[in-house]
Amino acid sequence: MAAAFDPSGRLPDLFTSAGTSSFSAFLSMAAPELLPGRRPLPPGTAADLTPHATTIVAIAAAGGVVMAGDRRATMGNLIAQRDIEKVYPADAYSLVGMAGAAGIGIELIRLFQVELEHYEKIEGAMLSLDGKANRLAAMVRGNLGAAMQGLAVVPMFAGFDLAANDPVKAGRIFSFDVTGGPYEETGYDAVGSGSLFAKSALKKRFRVGLSVNDAMRLAVEALYDAADDDTATGGPDLTRRIYPVVMTVTAEGTHRLTEAETAAIAENVVAGRMENPGG
């Protein structure tokens, strides 16, 4: 990218002329090789070259959404990292989590955060929640080539819809496939290798109108159940004091639970399972 600058130090015209509100579209013109899906890859599969992240759950609650993710990343049968973070704020009123190739997933999330901030600065307004989901879908679609070689990233997106008629039902959840298809989910969803077990737990316990506090506990319980049956998902690690990342988004914005708050929920869940292992 440095080659695009002349010796005088002036920015190229592309940087100073009126441009698009999409940062990823701007980057595709200024330095397309920096986009995750534009990098050339050698033939064959590259799935074993990077840690993979699992599992994310999201639950719609009364007045918001809870999203939580376990902390384990794996490379084949090895634990590559015990405390990776997979859930982040996308902007002031939305959350994004990822499962799949960890390096590309984190890069995709950072690009998505810049995308939303860039749009708001250029347009002077925040994208609608549907618009945010569509922008993320386009980024996932741009990574399709790498996904076909084993470097797939599947995000989960959730937010508080400021345009909703009923604030109680303003929490919305979107899932995606590797081709970039966005799908709105009702009530709850999970993604990653432990998603089958997490969704099975959520299916039994979810109720419409859950409070945010109840949804936070349910999210940790679902991750516990996923870790119980999926080796790639890490449960609460009481020895190392590594707990899931739990975040909420409500009319007041995004919020990440502190380590102490998450520890209290996780330890309460573990104590309950000591008495009743099946939940």
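Please read these numbers as outputs of a predicted model, since none were measured by experiment. In what follows, every heavy atom counts, from backbone to side chain, and hydrogens, waters and symmetry copies are set aside.
Y88 and L136 fall within the same hydrophobic cluster, where Ile, Leu, Val, Met, Phe, Trp and Tyr residues are linked whenever their side-chain heavy atoms come under 4.5 Å apart, directly or through other members. Residues V65 and V212 do not share a hydrophobic cluster, clusters being chains of Ile/Leu/Val/Met/Phe/Trp/Tyr side chains in contact below 4.5 Å. With hydrophobic clusters built from ILVMFWY side chains whose heavy atoms lie under 4.5 angstrom apart, L202 does not share a cluster with L196. Under the 4.5 Å side-chain heavy-atom criterion for grouping Ile, Leu, Val, Met, Phe, Trp and Tyr, V245 is not connected to V220 through any hydrophobic cluster. L218 and Y224 are assigned to two separate hydrophobic clusters, defined by single-linkage of ILVMFWY side chains at heavy-atom distances under 4.5 Å.
Put simply, the side chain of R217 reaches to within 4.5 Å of the side chain of V269, judged on heavy atoms. L111 is listed as a side-chain neighbour of M139, based on a closest heavy-atom distance under 4.5 Å. M247 is not listed as a side-chain neighbour of M216, based on a closest heavy-atom distance of 4.5 Å or more. For the pair Y93/L129, no side-chain contact is recorded, criterion being any heavy-atom separation below 4.5 Å from C-beta on. Proximity of R256 to V246: side-chain heavy atoms (C-beta onward) are nowhere separated by under 4.5 Å. Side-chain contact between R172 and F157 is absent, with no heavy-atom pair separated by less than 4.5 Å. Counting heavy atoms from C-beta outward, R72 and Q81 have side chains that stay 4.5 Å or more apart. By the 4.5 Å heavy-atom criterion applied to side chains, M156 and F174 are not counted as neighbours.
Under the 4.0 Å criterion applied to side-chain N and carboxylate O atoms, E221 and K204 are not assigned as salt-bridge partners. With respect to the salt-bridge test (charged N to carboxylate O, under 4.0 angstrom), the residues E267 and R241 qualify. We find that K132 and D91 are joined by a salt bridge, their nearest charged nitrogen and carboxylate oxygen being less than 4.0 Å apart. Ionic pairing of D161 and K169 is not present here: no N-O contact between side-chain nitrogen and carboxylate oxygen is shorter than 4.0 angstrom. The pair R240-D237 counts as a salt bridge, with a side-chain nitrogen and a carboxylate oxygen less than 4.0 angstrom apart.
We find the CG-CG distance between L151 and N143 to be 7.5 Å, quoted to the nearest 0.5 Å. Residue M98 holds its CE atom at 10.5 Å from CD1 of I104, rounded to the nearest 0.5 Å. Taking CG from D214 and CD1 from I59, the interatomic distance works out to 10.0 Å, rounded to the nearest 0.5 Å. For the atom pair CG (L127) and CZ (R135), the distance works out to 5.0 Å, reported to the nearest 0.5 Å. For the atom pair CZ (R207) and OH (Y188), the distance works out to 10.0 Å, reported to the nearest 0.5 Å. With rounding to the nearest 0.5 angstrom, the CG atom of L95 is 10.0 Å from the CD1 atom of I173.
Other residues, nucleotides and ligands place more than 12 heavy atoms under 6.0 Å from the CD atom of E261. Heavy atoms from other residues, nucleotides or ligands lying under 6.0 Å from CD of E252 number 12 at most. Heavy-atom contacts from other residues, nucleotides or ligands closer than 6.0 Å to CZ of R205 number 12 or fewer. Annotation: N165, atom CG; neighbour count of heavy atoms from other residues, nucleotides and ligands within 6.0 Å does not exceed 12.
Counting all heavy atoms, side chain and backbone alike, G180 lies closest to A137 at O-CB, 2.9 Å. Scanning both residues, E185 and S175, for their nearest heavy atoms gives OE2-OG, 2.5 Å. When all heavy atoms are compared, the tightest approach of P89 to T254 is CB-OG1, 3.9 Å. The minimum heavy-atom distance linking A222 with V57 is given by the pair CB-CG1, 4.4 Å.
Side-chain atoms of S195 and T55 include no donor-acceptor pair closer than 3.5 Å. Side chains of D130 and S128: a donor-acceptor N/O pair is absent below 3.5 angstrom, by distance only.
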* Criterion side chain to side chain contact (heavy atoms under 4.5 Å, CB included) on M126 and L162, from CA distance to verdict -> CA-CA 10 Å; M126 188 179 294; L162 297 172; 4.3 Å; yes
* Decide yes or no on side chain to side chain contact (heavy atoms under 4.5 Å, CB included) for I265 and L257, but give the supporting numbers first. => CA-CA 10 Å; I265 296 173; L257 270 64; 3.7 Å; yes
* Begin with the C-alpha distance, continue with both residues' side-chain angles, and end with the deciding distance and a verdict on side chain to side chain contact (heavy atoms under 4.5 Å, CB included) for E85 and R71. => CA-CA 6 Å; E85 297 189 4; R71 305 291 295 276; 3.9 Å; yes
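Checked against ring-ring contact (aromatic ring centres under 6.0 Å, His included), F160 has no partners two or more places apart in sequence or in another chain. For the ring-ring contact (aromatic ring centres under 6.0 Å, His included) test, no residue two or more places apart in sequence or in another chain qualifies with Y243.
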